[in-house]
Chemist: 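My questions all concern the structure below.
Nothing fancy with the numbering, it's 1 onward along the sequence.
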Amino acid sequence: VQQPGTFQSEQAKFEAALPKLLEAAEAHPNAEAGIAARYYAASTLAALGRFAEAEQRFQEVVDKAGSRSIYSRTGRLGLADAKAAQKKYDEAITIYRELSTDTNSGMPVDGILMALGRTYLQAGRTEEAVRTFSRIVDEFPQSVYAADARRERDEARKG
């Protein structure tokens, strides 16, 4: 017997949460709570593999949150991830590059560069991927991504 408030799978939990998040987002579209709900709805859609819908919701977050909000910045990151998942590599790369050069965002540049390098690889742009992974190794040697960046750079060089 399943206990109340539990779910048989993570997918079932996401499916149950999604309508509640969307309801909160629509009830308070411009309030911070509504923007947060919209962001979590977009993340939930991405977790469910519904990337086109996630892209739409992340764009709404970016549009509503204002450039100084953490939700705008993380929404742009989610937007890039959703685009990459749909093989919209050039659009994703543009967003990742913009985020990686914004020194005032408070976003972890090494993590963004890692996503950028992997997206370059998916797009078949090996030389740019190698340069991006090298940036992580050179500029962020203590990063949690440094070992992965070194390995992925070396694998990309081998072809």
Side-chain angles (χ1 to χ4, degrees), residues 1-123 125 129 132-133 135-136 139-140 142-149 152:
V1 175
Q2 186 171 332
Q3 297 295 317
T6 64
F7 300 91
Q8 291 199 357
S9 68
E10 191 169 71
Q11 180 171 345
K13 178 176 72 172
F14 289 148
E15 293 286 355
L18 184 58
K20 294 175 192 316
L21 291 166
L22 292 172
E23 181 181 322
E26 293 306 316
H28 310 283
N30 297 312
E32 182 145 349
I35 293 168
R38 191 174 308 277
Y39 174 83
Y40 288 113
S43 297
T44 299
L45 287 162
L48 290 168
R50 294 164 56 181
F51 298 110
E53 292 171 84
E55 177 183 353
Q56 175 188 347
R57 296 299 179 183
F58 278 126
Q59 186 62 60
E60 291 170 1
V61 169
V62 171
D63 294 343
K64 289 181 179 297
S67 63
R68 301 182 116 186
S69 168
I70 187 67
Y71 288 111
S72 176
R73 294 187 298 267
T74 56
R76 288 181 67 213
L77 188 58
L79 182 61
D81 292 345
K83 287 179 180 290
Q86 297 174 83
K87 298 182 175 28
K88 296 179 181 180
Y89 299 126
D90 290 338
E91 294 175 48
I93 287 167
T94 297
I95 296 169
Y96 288 134
R97 282 197 338 229
E98 289 169 359
L99 288 170
S100 73
T101 60
D102 185 353
T103 57
N104 297 319
S105 74
M107 301 284 286
V109 175
D110 53 342
I112 294 167
L113 288 172
M114 198 69 193
L116 175 60
R118 288 175 173 160
T119 304
Y120 276 136
L121 282 178
Q122 292 169 332
R125 295 166 64 174
T132 303
F133 292 135
R135 265 193 73 192
I136 297 166
E139 294 176 29
F140 304 94
Q142 300 302 315
S143 168
V144 297
Y145 299 105
D148 288 340
E152 292 187 43

Chemist: Do you know which two heavy atoms are closest between G75 and V61, and how far apart they sit?
Modeler: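 It is CA-CG1, 4.4 Å.
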Chemist: So which atom in R97 and which in S100 form the shortest heavy-atom distance, rounded to 0.1 Å?
Modeler: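 The pair with the smallest heavy-atom distance is O-OG, 2.9 Å.
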Chemist: Return the minimal non-hydrogen interatomic distance between T132 and G117, and the atom names on each side.
Modeler: CG2-N, 3.7 Å
Chemist: Would you check if S9 and F14 make a side-chain contact, meaning some heavy-atom pair closer than 4.5 Å?
Modeler: no
Chemist: Which is it for M107 and T74 under the side-chain contact (heavy atoms from CB on, under 4.5 Å) test, yes or no, and what are the steps along the way?
Modeler: CA-CA 8 Å; M107 301 284 286; T74 56; 4.1 Å; yes
Chemist: Rounded to the nearest 0.5 Å, what's the gap from NZ on K64 to CD on Q59? Could you check?
Modeler: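 Going from the NZ atom of K64 to the CD atom of Q59 covers 11.5 Å.
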Chemist: What residue pairs, at least two apart or across chains, pass salt bridge (Lys or Arg N to Asp or Glu O under 4.0 Å) with a residue in residues 27-43?
Modeler: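 Qualifying pairs: E26-R38, R38-E60.
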Chemist: Nearest 0.5 Å please: distance from the CZ atom of R125 over to the CG atom of D90.
Modeler: 5.5 Å
Chemist: Considering all heavy atoms of both residues, which atom of A65 and which atom of S72 are nearest to each other, and what is their separation?
Modeler: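 Looking at all heavy atoms of both residues, the shortest contact is CB-N, 3.7 Å.
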Chemist: Under 3.5 Å, side chain of Q86 to main-chain N/O of A82, donor-acceptor pair present?
Modeler: yes
Chemist: Go through it in stages, so that I can follow the logic: the residues are F58 and R76, the test is side-chain contact (heavy atoms from CB on, under 4.5 Å), and I'd like the CA-CA distance, side-chain angles, deciding distance and then a yes or no.
Modeler: CA-CA 7 Å; F58 278 126; R76 288 181 67 213; over 6 Å; no
Chemist: What are the two closest non-hydrogen atoms of A24 and A37, and how far apart are they?
Modeler: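 Scanning both residues, the minimum pair turns out to be CB-CB, 3.8 Å.
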Chemist: Return yes when atom CZ of F51 has more than 12 non-hydrogen atoms of other residues, nucleotides or ligands closer than 6.0 Å, and no otherwise.
Modeler: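 Correct, the count exceeds 12.
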Chemist: Find the distance between CG (L22) and OH (Y40) and round it off to the nearest 0.5 Å.
Modeler: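 If I round to the nearest 0.5 Å, the distance is 15.0 Å.
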Chemist: Any non-hydrogen side-chain atom of L113 less than 4.5 Å from a side-chain atom of Y145?
Modeler: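 No. Closest side-chain heavy atoms not under 4.5 Å.
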Chemist: Do you know the tightest heavy-atom contact between A16 and F7?
Modeler: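 So the minimum-distance heavy-atom pair works out to CB-CE2, 3.5 Å.
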Chemist: For the pair L77 and Y96, evaluate side-chain contact (heavy atoms from CB on, under 4.5 Å) and give the outcome as yes or no after the intermediate values.
Modeler: CA-CA 7 Å; L77 188 58; Y96 288 134; 3.8 Å; yes
Chemist: For the backbone of A41 and the side chain of R57, can you confirm whether one donor and one acceptor N or O come within less than 3.5 Å of each other?
Modeler: no
Chemist: Give a yes or no on this: more than 12 heavy atoms of other residues, nucleotides or ligands lie within 6.0 Å of atom CD of Q56.
Modeler: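 Check passes, neighbour count above 12.
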Chemist: If you round to the nearest 0.5 Å, how far is NZ of K13 from CD of Q8?
Modeler: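 It comes to 14.0 Å.
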Chemist: Return the set of residues passing salt bridge (charged side-chain N to carboxylate O under 4.0 Å, His left out) with K88 (not counting sequence neighbours), or none when no residue passes.
Modeler: E55
Chemist: Heavy-atom distance under 4.5 Å between the side chains of V144 and M114, does that happen here?
Modeler: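 With C-beta onward as the side chain, the pair stays apart.
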Chemist: Begin from the C-alpha positions of T94 and K83 and carry the test side-chain contact (heavy atoms from CB on, under 4.5 Å) through to its verdict.
Modeler: CA-CA 11 Å; T94 297; K83 287 179 180 290; over 6 Å; no
Chemist: I'd like to check the side-chain hydrogen bond (donor to acceptor under 3.5 Å, both in side chains) partners of Y39; sequence neighbours left out, ordered by chain and number.
Modeler: none
Chemist: Distance check, rounded to the nearest 0.5 Å: N104 atom CG versus R68 atom CZ?
Modeler: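 The CG atom of N104 sits 10.0 Å away from the CZ atom of R68.
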Chemist: With rounding to the nearest 0.5 Å, note down the distance linking CG in L18 to CZ in R50.
Modeler: 5.5 Å
